[in-house]
Amino acid sequence: MMDLDRTPLQSGYDVAVIGGGTAGCSTALFLARAGLSVVLFERHQCGSQASGVNYGGVRQHGRHRAEIPLSIRARTIWDELPDLIGHDCEFDASGHVKLARTQDDMGELEAWARVARDFGLEVDLVTGNQLRDRFDYLGSSLAGASIMPQDGQANPRLVAPHFARAAERAGADVREGVDVAAAEREGTNFRIELGDGRTAFADVLVNTAGAWGYEVAASFGESVAEAPLSPNMLVTEPLPYRVKCSFGMCGGDIYARQIPRGNVIFGGGTRAITDFEKNRTRPRTSSSQLATRNLIHAMPFLAEARIIRSWSGIDGLMPDKIPVVGPSSTTAGLFHAFGFSGHGFQLGPAIGAVLGDLILDGRTDTSIEELSITRFTQDGAGVRTTSNQLNPSEQGE
Amino acid sequence: MRAAETLVKAGLRPVVLDEGFKAGGQIYRQPPVPDGREPEDLYGSEAEKACALHETFERIRPNIDYRPRTLVWNVIGDSVDYYDESADVAGRLQASHLILATGATDRTLPLPGWTLPGVYSLGGAQISLKAHHSLIGQEVVFVGTGPLLYLVSLQYAKAGADVKAVVETASWSNQLRHASGLAHLPSAAVRGVGFMLSLRRMGVPIYRGAHAIRFEGESDCGLTAVSFESGGRSHRLSCIAAAMGFGVRSEWQLAELAGAQLSWSDIQQQWVPDLTDHVRASVDGLYLAGDGAGVCGADAAEVRGELAGFALLQDLGHSVDASRRQVLEKSLKKQWRARAALDRMYPVPMHLLDELADDTLVCRCEAIAAGEIRHVLVRPGAEDVNRAKAFSRAGMGRCQGRMCALNVQAIVERAKEQGPQAIGWQRTQPPIKPVPMAAMADAYVPDPEGTRE
Ligand SMILES: Cc1cc2nc3c(=O)[nH]c(=O)nc-3n(C[C@H](O)[C@H](O)[C@H](O)COP(=O)(O)OP(=O)(O)OC[C@H]3O[C@@H](n4cnc5c(N)ncnc54)[C@H](O)[C@@H]3O)c2cc1C
Ligand SMILES: Cc1cc2nc3c(=O)[nH]c(=O)nc-3n(C[C@H](O)[C@H](O)[C@H](O)COP(=O)(O)OP(=O)(O)OC[C@H]3O[C@@H](n4cnc5c(N)ncnc54)[C@H](O)[C@@H]3O)c2cc1C
């Protein structure tokens with residue numbers, strides 16, 4: 001629907017970014033602020049894919065240990081959005097509650113809390129009774145929960161677009177409606193062929209192509225098994241504002257939050273129907289039904305509510321359910337950040353910060369080693385697994 | 001109903017799902033319980049057709065699986081998801097062939113004061129009278145354009161309302177200029193003139209070429225007057241109720257979910273599903289009949305229904321009566337030509353939105369005013385109607401944009417100086433109308449294809 005972008009490109013850029021989701025837009029912003037010349041290519045519109053349609057959960061809670069440092073860094077940036085991008089994106093540090101159905105679930109939450117506390121995170125563990133004292137609308141069959149007061153929620157429709165606009169104000173050249181058809185290393189440069197026939201050149205290339213990140217990686221000899229992942233989302237009509245935290249269930253089969261406007265947004269169940277070739281998703285009725293059933297069980301008052309819309313989107317799922325973040329294993333000057341496996345919205349703002357460190361300083365204080373693409377591309381890949389840690393259960397929260 | 005009848009005649013037993021309480025659809029709507037009114041009272045000059053249709057229904061009823069009060073809220077592949085309101089249960093049917101005849105809803109414009117209590121849609125006013133035998137108010141002004149405006153005004157006048165005026169936005173000269181197109185369907189022209197003469201006889205003034213229309217009043221006491229300009233003069237009519245309607249808008253949401261392609265129709269000023277052979281959608285096994293697939297009116301809807309039945313039968317390998325089909329096709333072509341004339345005579349006055357004030361609500365469900373939509377459009381990256389919605393919430397409420405999407409689109413077109421092709425339509429997602437969660441939960445059936453990690 002976009003007009004072809006026809007303003008001339010610069011003859012060369014310091015950095016080219018492929019993909020305008022939260023990850024790509026934050027990268028463009030951080031690098032442009034540091035004074036580099038940056039071009040970002042987004043095939044559709046910034047934030048129109050996974051970053052714009054997700055559940056809006058901003059949670060450190062329950063994350064895989066390998067992601068926690070990145071997630072902590074992201075969390076500080078979420079607080080700084082008004083200064084950084086000129087908009088708070090409705091970020092609300094409402095707290096995140098992870099519910100346990102059984103004592104086994106509770107044990108899992110306790111184990112995670114120990115890990116999180118090693119990272120300096122604050123986690124409250126509560127029993128079933130304490131839980132219902134705090135949240136009188138919860139069903140009676142819950143064993144307990146863990147609560148992270150500093151987690152929260154935000155409006156996904158706003159985040160990537162505001163990062164994109166802020167990047168532009170900082171001098172980045174943001175090209176929407178422009179597809180990257182191919183990219184290769186040419187001497188000390190990257191040569192980037194655009195779908196409209198033009199060519200761009202850059203010293204550094206950043207692959208934030210989301211579910212399509214594997215395509216970019218493959219053209220540099222890095223083959224990874226990224227699969228499309230489509231969480232099934234629903235929203236109710238506006239109801240009295242009651243559910244002020246964001247909730248998730250151990251095992252990830254439901255997550256729910258209410259916005260002050262009154263709508264309850266929730267997901268879970270099974271995956272939506274995906275046609276990856278056509279970049280189309282359709283909500284799956286059985287998934288909507290299952291998520292609804294599970295949610296009513298946890299919050300019985302919702303039985304009276306009505307659903308007004310359902311939808312999905314496509315994120316990239318890595319075999320071990322954690323993203324690829326860091327330098328390429330084959331090509332100097334190429335950096336990846338893709339395959340967020342259903343939970344990269346919260347991480348997005350930190351991607352720019354961390355890739356910024358790597359590109360500007362060649363190093364970062366945020367520990368991301370375990371997210372390196374080498375876990376798939378180097379000898380022994382597949383044998384070594386980072387998943388000795390607890391499961392990051394919520395896909396799409 | 002004509003589609004079902006055609007299938008029954010060929011020995012099939014179709015499932016007929018209808019959101020309505022009783023058969024009849026919009027125009028031939030029946031009161032929920034008989035209330036002593038005769039068909040002539042209810043349907044006027046169309047009483048005979050109404051009776052014929054209701055009789056057809058009674059006749060075929062033993063041979064169809066009829067499910068009233070059943071909302072179809074999703075179609076995907078050959079699955080049809082429904083919610084049965086009377087039993088409060090949701091469920092799914094499989095159908096190899098699907099005919100959608102979902103009709104139309106009336107079209108309103110966000111004119112100043114349109115959300116005041118006492119301002120109704122024209123269709124709502126008619127339903128109130130037809131189904132519930134009650135008026136929206138004793139002193140009523142009718143505002144809008146098109147034949148339905150005159151018809152409902154007349155129905156109100158006959159039912160004893162004090163119809164203060166009919167305020168028509170199309171100019172007389174425009175109506176006359178295009179009236180010759182009605183030569184294809186003289187009966188429609190005769191009916192139209194009849195409405196106007198009857199209104200005249202009953203002393204109802206008709207103002208044409210109206211603009212600068214405002215609904216006046218306070219939100220606590222409701223509508224007190226309608227003011228407008230017409231014939232170079234300002235008018236102000238006091239009233240307690242007004243009905244507004246600028247033609248009708250196809251309900252194609254299910255068709256879109258079922259995979260039908262949509263195209264912009266300049267003449268209808270709306271998006272309509274693409275059709276081949278009059279009734280075939282761009283997906284095999286999907287047939288679209290009636291006003292839901294582009295507005296052509298009630299008589300045409302009967303023809304389109306029968307043609308949809310024929311097309312389906314043909315695809316099932318039945319032989320169909322070729323000469324009957326030819327007659328139908330010929331009649332339909334004529335009706336489309338007459339409809340085009342009507343659309344030209346009574347264009348939707350989108351120009352009234354040129355002066356739309358920033359504080360006028362456009363999306364009622366979410367209470368989003370024109371200014372808020374314009375505000376988000378200033379941002380680059382908000383180039384189409386779906387982005388405008390994503391940033392402003394216009395169209396994100398209970399009705400999911402069914403009521404406001406064309407008006408939001410008009411605002412985006414003006415702000416971006418782009419036509420409908422570039423601005424697009426608000427995409428549909430299930431459910432097309434709200435579905436209760438309890439029923440949804442109870443309907444859960446594990447799906448072998450649904451996976452989760
Ligand atoms: C329904 C759903 C719910 C979710 N809920 C949550 C949640 O609550 N919390 C959470 O933390 N995460 C959640 N996620 C995950 C989160 O949305 C994603 O992990 C995150 O948005 C990924 O960001 P991204 O920038 O990598 O991807 P995207 O937003 O998909 O951006 C990638 C962009 O790259 C573009 N692109 C790809 N290839 C090319 C090319 N060759 N040329 C030009 N452009 C290209 C694409 O068009 C796309 O815009 C959810 C995901 C979904 C789908
Ligand atoms: C409010 C209004 C008043 C009108 N009044 C007149 C009039 O007085 N005279 C005149 O000549 N024309 C009138 N029209 C136009 C006339 O109604 C149509 O031309 C005619 O009814 C078209 O027939 P149809 O079969 O296409 O649709 P309809 O008669 O509208 O029938 C559609 C049927 O589909 C059902 N339906 C729709 N969506 C779903 C769903 N998702 N699930 C289940 N069922 C569904 C509806 O309940 C309805 O029974 C009016 C139109 C409107 C909108």
Side-chain angles (χ1 to χ4, degrees), chain A residues 1-3 45-48 52-53 157-158 161-162 164-165 168 174 176-177 229 231-232 234-238 252-253 261 263 268-273 282-297 302-311 317 321 341-342 391 393 395, chain B residues 73-74 76-77 79-81 83 90-92 257 259 365-367 376 379-387 389-393 395-401 418 421-424 427-453:
Chain A
M1 260 176 215
M2 292 275 306
D3 280 332
Q45 284 169 317
C46 288
S48 61
V53 300
R157 296 189 303 277
L158 304 182
H162 275 291
R165 287 344 7 136
E168 278 179 331
V174 175
E176 300 184 276
L229 170 70
N232 199 70
L234 301 107
V235 62
T236 70
E237 63 195 336
D253 61 15
R261 162 87 187 114
N263 309 73
T270 56
R271 292 190 201 166
I273 299 163
R282 291 286 302 268
R284 184 186 299 276
T285 299
S286 61
S287 173
S288 298
Q289 290 164 337
L290 179 58
T292 303
R293 196 170 82 154
N294 290 339
L295 184 59
I296 292 176
H297 204 68
L302 288 174
E304 305 298 316
R306 295 186 302 170
I307 289 161
I308 62 171
R309 194 171 176 93
S310 57
W311 72 94
L317 176 69
K321 301 177 194 167
S341 305
N391 226 359
S393 47
Q395 307 294 325
Chain B
W73 59 266
N74 186 27
I76 179 157
S79 300
V80 174
D81 290 319
Y83 167 62
R92 171 171 274 200
L257 290 178
C365 300
E366 291 295 305
V376 302
R379 247 183 254 168
E383 306 298 332
D384 66 39
V385 72
N386 289 297
R387 292 282 273 194
K389 167 181 159 179
F391 295 148
S392 72
R393 295 190 68 82
M396 290 183 66
R398 279 195 181 85
C399 91
Q400 286 292 301
Q418 292 280 340
Q421 313 294 349
I423 300 305
R427 282 186 299 267
T428 306
Q429 290 283 12
I432 62 155
K433 290 182 190 171
V435 178
M437 285 181 65
M440 187 90 162
D442 289 343
Y444 171 62
V445 209
D447 171 356
E449 285 173 26
T451 55
R452 61 164 272 105
E453 259 111 320

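As a basis for the values below, the full set of heavy atoms in this structure was taken, side chains included, without hydrogen atoms, waters or symmetry mates. Naming: A, B, ... by sequence-line order, numbering from 1 per chain.
- For A/Arg261 against B/Cys365, the heavy-atom pair with the smallest separation is NH2-O, 2.8 Å.
- A donor-acceptor distance shorter than 3.5 angstrom exists from the side chain of A/Arg282 to the backbone of B/Leu257, with no hydrogens or angles considered.
- The choice from A/Glu168, A/Arg165, A/His297 that makes the most heavy-atom pairs within less than 4.5 Å of chain B is A/Arg165.
- Contacts between A/Asn263 and chain B at a heavy-atom distance below 4.5 Å involve the side chain alone, from C-beta outward.
- Contact of A/Ser287 with chain B is not made at all, since no heavy-atom distance falls under 4.5 Å.
- Looking at B/Cys399, neither its backbone nor its side chain comes within 4.5 Å of chain A, counting heavy atoms on both sides.
- Atom CE of B/Met437 is separated from atom CZ of A/Arg293 by 13.0 Å, given to the nearest 0.5 angstrom.
- At a 4.5 Å heavy-atom cutoff, the contact between A/Ser288 and chain B is made by backbone and side-chain atoms alike.
- Neither the backbone nor the side chain of B/Ile432 comes within contact range of chain A; no heavy atoms are under 4.5 Å apart.
- The line from CG of B/Asp81 to CD of A/Gln289 is 7.0 Å long, rounded to the nearest 0.5 Å.
- Comparing B/Lys433, B/Arg393, B/Arg387 by how many heavy-atom pairs each has under 4.5 Å with chain A, the most go to B/Arg387.
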Starting from the C-alpha separation in whole Å, work towards a yes-or-no answer on side-chain contact (heavy atoms from CB on, under 4.5 Å) for A/Ile273 and B/Glu449. CA-CA 9 Å; A/Ile273 299 163; B/Glu449 285 173 26; over 6 Å; no

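- Heavy atoms closer than 4.5 Å to chain A are found in both the backbone and the side chain of B/Gln429.
- Considering CG of A/Leu234 and CE of B/Met440, their distance stands at 6.0 Å, rounded to 0.5 Å.
- Comparing B/Arg92, B/Arg398, B/Met396 by how many heavy-atom pairs each has under 4.5 Å with chain A, the most go to B/Arg398.
- Between B/Gln400 and A/Ile308, the shortest heavy-atom distance links the atoms CG-O, 3.4 Å.
- Note on B/Phe391, B/Tyr444, B/Trp73: by heavy-atom pairs under 4.5 Å with chain A, the leading option is B/Tyr444.
- At a 4.5 Å heavy-atom cutoff, the contact between A/Ile296 and chain B is made by side-chain atoms alone.
- Taking the side chain as every heavy atom from C-beta outward, A/Thr285 and B/Pro430 never approach each other to under 4.5 Å.
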